[in-house]
Amino acid sequence: MIAMSKKSREEPKILLFGKWSFDDVEVKDPGLKKVIGMRPVYVPHTFGRHEHRRFGKLDVNIVERLVNQMMHFGRKYWKNTGRMGGKKHHAINVVGAAFDIINLKTGKNPVEVLVRAIENASPNEDVTRITYGGVTYHVSVDVSPSRRVDIALRNIAMGARESAFSHPRTIEECLADEIIAAANGDTSSFAIKAKIEMERVAAASR
């Protein structure tokens with residue numbers, strides 16, 4: 001009787017937006033396994049509970065981190081204020097619609113496609129400046145796993161915004177195309193081009 005009652009009280013499977021599962025999604029890049037949060041959620045919104053803990057964002061679901069990057073209203077160098085500043089519900093709807101488009105175009109779980117896009121768009125090297133004897137040098141450095149994910153998400157969101165700006169295509173379509181292109185390693189992706197350029201400059205500064 002006890003066993004039967006436990007089975008009857010099994011918790012329902014947690015699906016993102018009621019559609020997409022996190023169970024079969026695997027992070028293949030060993031350097032990113034600990035910094036891509038895959039905790040199952042229904043809606044990617046934790047109300048900023050992580051913000052007062054050091055490295056708390058590493059526990060935030062990776063889809064919510066993409067949503068946070070989408071909360072920007074327009075051009076590249078404008079301040080993060082205006083019609084998208086803080087409107088997270090709208091950003092969640094944008095990402096949800098983009099995931100539906102990704103599934104229609106690829107037939108795959110959009111969460112898995114997003115993880116592949118982040119792995120392909122995250123740079124391994126960057127450039128920093130050091131001053132020695134009054135002279136400034138550019139030196140190539142390795143990028144930490146957390147920063148690799150941050151850069152990849154920022155470039156994916158930036159590529160979608162710039163593609164949709166003053167263009168008849170919607171932001172949802174642009175975001176879906178950017179994620180698919182980055183997941184395929186296509187150089188038409190803004191994030192892939194930014195990664196290649198960053199690593200090229202770093203290689204020249206070794």
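I118 and I192 are not part of a single hydrophobic cluster, where members link through side-chain heavy atoms under 4.5 Å apart. Residue L15 is not grouped with residue I102 when hydrophobic side chains (ILVMFWY) are merged at heavy-atom distances under 4.5 angstrom, including chains of intermediate members. At a threshold of 4.5 Å between side-chain heavy atoms, the hydrophobic network of Ile, Leu, Val, Met, Phe, Trp and Tyr places V127 and V143 in two separate groups. Placement of V113 and V149 within a single hydrophobic cluster is found when ILVMFWY residues are connected by side-chain heavy-atom separations under 4.5 Å, directly or transitively. Linking ILVMFWY side-chain heavy atoms closer than 4.5 Å, directly or via other members, places L66 and V35 in a single hydrophobic cluster.
You'll find the side chain of D150 stays beyond 4.5 Å of the side chain of Q69, heavy atoms only. Between V67 and K88 there is a side-chain heavy-atom pair separated by less than 4.5 Å. Proximity of K34 to P145: side-chain heavy atoms (C-beta onward) are nowhere separated by under 4.5 Å. Taking 4.5 Å as the limit, every side-chain heavy atom of K195 sits out of range of all side-chain heavy atoms of I151. Two residues are said to be in side-chain contact when any heavy atoms from C-beta on lie closer than 4.5 Å; H138 and I130 fail this criterion.
Side-chain atoms of S163 do not come within 3.5 Å of backbone N or O of A160 as any donor-acceptor pair. Under a 3.5 Å cut-off, the side chain of K87 and the backbone N or O of M71 do not form any donor-acceptor pair. Checking side-chain atoms of N184 against main-chain N and O of I180 turns up a donor-acceptor pair under 3.5 Å. With E173 contributing its side chain and T170 its backbone, the two residues share a donor-acceptor pair below 3.5 Å.
Rounded to the nearest 0.5 Å, atoms CZ (F99) and CZ (F17) are 6.5 Å apart. Remark: L153 CG to M70 CE distance equals 11.0 Å, nearest 0.5 Å. Distance CG/L114 to CH2/W20: 13.0 Å, rounded to 0.5 Å. In this structure, CG in L16 is found 6.5 Å from CG in N61, a value given to the nearest 0.5 Å. Note that the OG atom of S21 and the NZ atom of K13 stand 4.0 Å from one another [nearest 0.5 Å].
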Show me the donor-acceptor pairs within less than 3.5 Å that the side chains of residues 24-32 make with the rest of the protein, sequence neighbours left out.
{"residue": "D29", "atom": "OD1", "partner": "G31", "partner atom": "N", "Å": "2.9"}
{"residue": "D29", "atom": "OD2", "partner": "R148", "partner atom": "NH2", "Å": "3.0"}

For residues 36-51, please give each side-chain donor-acceptor pair under 3.5 Å, one per line with the distance, not counting sequence neighbours.
{"residue": "H45", "atom": "ND1", "partner": "F47", "partner atom": "N", "Å": "3.2"}
{"residue": "T46", "atom": "OG1", "partner": "E64", "partner atom": "OE1", "Å": "3.2"}
{"residue": "T46", "atom": "OG1", "partner": "E64", "partner atom": "OE2", "Å": "3.0"}
{"residue": "R49", "atom": "NH1", "partner": "T46", "partner atom": "O", "Å": "3.0"}

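Nearest heavy-atom pair across N124 and E199 is N-OE2, 2.9 Å. Considering every non-hydrogen atom in both A202 and D126, the closest pair reads CB-O, 3.8 Å. Residues A117 and I156 share a closest heavy-atom pair of CB-CD1, 4.2 Å. Here the shortest heavy-atom pairing between E178 and F190 reads OE2-N, 3.2 Å. Between S146 and R65, the shortest heavy-atom contact is O-NH2, 4.4 Å. Nearest heavy-atom pair, A176 versus A98, reported as atom, atom and distance to 0.1 Å: CB-O, 3.6 Å.
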Residues E172, V95; criterion side chain to side chain contact (heavy atoms under 4.5 Å, CB included); working and verdict: CA-CA 7 Å; E172 293 87 351; V95 173; over 6 Å; no
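In this model, no donor atom of one side chain and acceptor atom of the other lie less than 3.5 Å apart for N68 and K57.
Surrounding NZ of K33 are more than 12 heavy atoms belonging to other residues, nucleotides or ligands, all under 6.0 Å away.
A salt bridge links R116 to E112: at least one charged side-chain nitrogen sits closer than 4.0 Å to a carboxylate oxygen.
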